[in-house]
Amino acid sequence: MPERLMMEDAALAEDARNGSAAAFAKLAKRCWTPLYRVSWNISGSASCAAQITERTLLAAIHSAEPPPFTRVPFKVFLYRVAATFEMLFPAAARMTAATSFGRDSMGT
């Protein structure tokens, strides 16, 4: 990732942490597709992947600990949050998806 984009992601994330809805929307739009892809590979379910992606973005922004922007790109940080979320709450994520949406688009 180019240094410029990494710094822009860090600035957007900090603005989002400080309450900027526009910064969060821009960051979410930029990170959604790659994060969803990783979440789908982790969960194997379209509905779970969408929930993991959404929860990951929100958790990263509302975390009590600031993201390690100086050490890793924000997207890599998000991938780590998604993987941790799936490891800690796999049953809860799947149950919520199953009860909220009936059956996911993968038919499982």
Side-chain angles (χ1 to χ4, degrees):
M1 170 179 268
E3 187 72 24
R4 181 184 62 78
L5 286 178
M6 191 166 105
M7 296 305 291
E8 189 176 329
D9 282 352
L12 284 171
E14 189 60 34
D15 289 348
R17 287 175 65 96
N18 291 327
S20 171
F24 180 77
K26 187 172 182 178
L27 191 62
K29 184 176 180 180
R30 181 181 293 172
C31 297
W32 184 271
T33 299
L35 182 56
Y36 177 85
R37 190 177 305 120
V38 168
S39 299
W40 191 87
N41 286 330
I42 290 170
S43 69
S45 164
S47 60
C48 284
Q51 286 190 346
I52 291 168
T53 300
E54 181 181 340
R55 290 178 182 181
T56 297
L57 285 166
L58 292 172
I61 296 303
H62 295 294
S63 171
E65 294 295 320
F69 296 125
T70 58
R71 293 179 277 153
V72 298
F74 188 68
K75 285 182 186 174
V76 174
F77 172 69
L78 289 176
Y79 299 156
R80 291 177 182 174
V81 172
T84 302
F85 180 80
E86 177 61 19
M87 285 187 291
L88 293 174
F89 306 107
R94 287 190 180 91
M95 179 168 293
T96 301
T99 57
S100 297
F101 303 110
R103 299 181 72 181
D104 66 29
S105 63
M106 300 296 289
T108 58

Trainee: If you compare all heavy atoms of Ala83 against all heavy atoms of Ile42, which two are closest, and at what distance to 0.1 Å?
Mentor: CA-CD1, 3.7 Å
Trainee: Would you mind reporting whether Ser39 and Tyr79 have side-chain heavy atoms less than 4.5 Å apart?
Mentor: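 Not touching, per the 4.5 Å side-chain cut-off.
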Trainee: Closest heavy-atom contact between Ala49 and Tyr36?
Mentor: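 So the two residues come closest at CB-CE1, 3.6 Å.
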Trainee: Which distance, rounded to the nearest 0.5 Å, do you find between the CD1 of Ile52 and the OG of Ser45?
Mentor: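 Atom-to-atom, Ile52:CD1 and Ser45:OG are 8.0 Å apart.
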Trainee: Partners of Thr56 by side chain to side chain donor-acceptor pair (under 3.5 Å), sequence neighbours excluded?
Mentor: none
Trainee: Enter the distance from Arg37:CZ to Asn41:CG here, rounded to the nearest 0.5 Å.
Mentor: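 Spacing of CZ (Arg37) from CG (Asn41) equals 8.5 Å.
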Trainee: Using side chain to side chain contact (heavy atoms under 4.5 Å, CB included), reason through Leu58 and Phe24 one step at a time and then give a plain yes or no.
Mentor: CA-CA 9 Å; Leu58 292 172; Phe24 180 77; 3.8 Å; yes
Trainee: Within this structure, what is the CG-CD distance for the pair Leu27 and Glu14, rounded to the nearest 0.5 Å?
Mentor: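 Nearest 0.5 Å value for the CG-CD distance: 11.5 Å.
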Trainee: List the residues meeting side chain to side chain contact (heavy atoms under 4.5 Å, CB included) with Ala23, not counting sequence neighbours, and say none if there are none.
Mentor: Leu12, Asp15, Ala16, Ser20
Trainee: CG/Leu35 to OG1/Thr53 distance, rounded to the nearest 0.5 angstrom?
Mentor: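 Nearest 0.5 Å value for the CG-OG1 distance: 4.5 Å.
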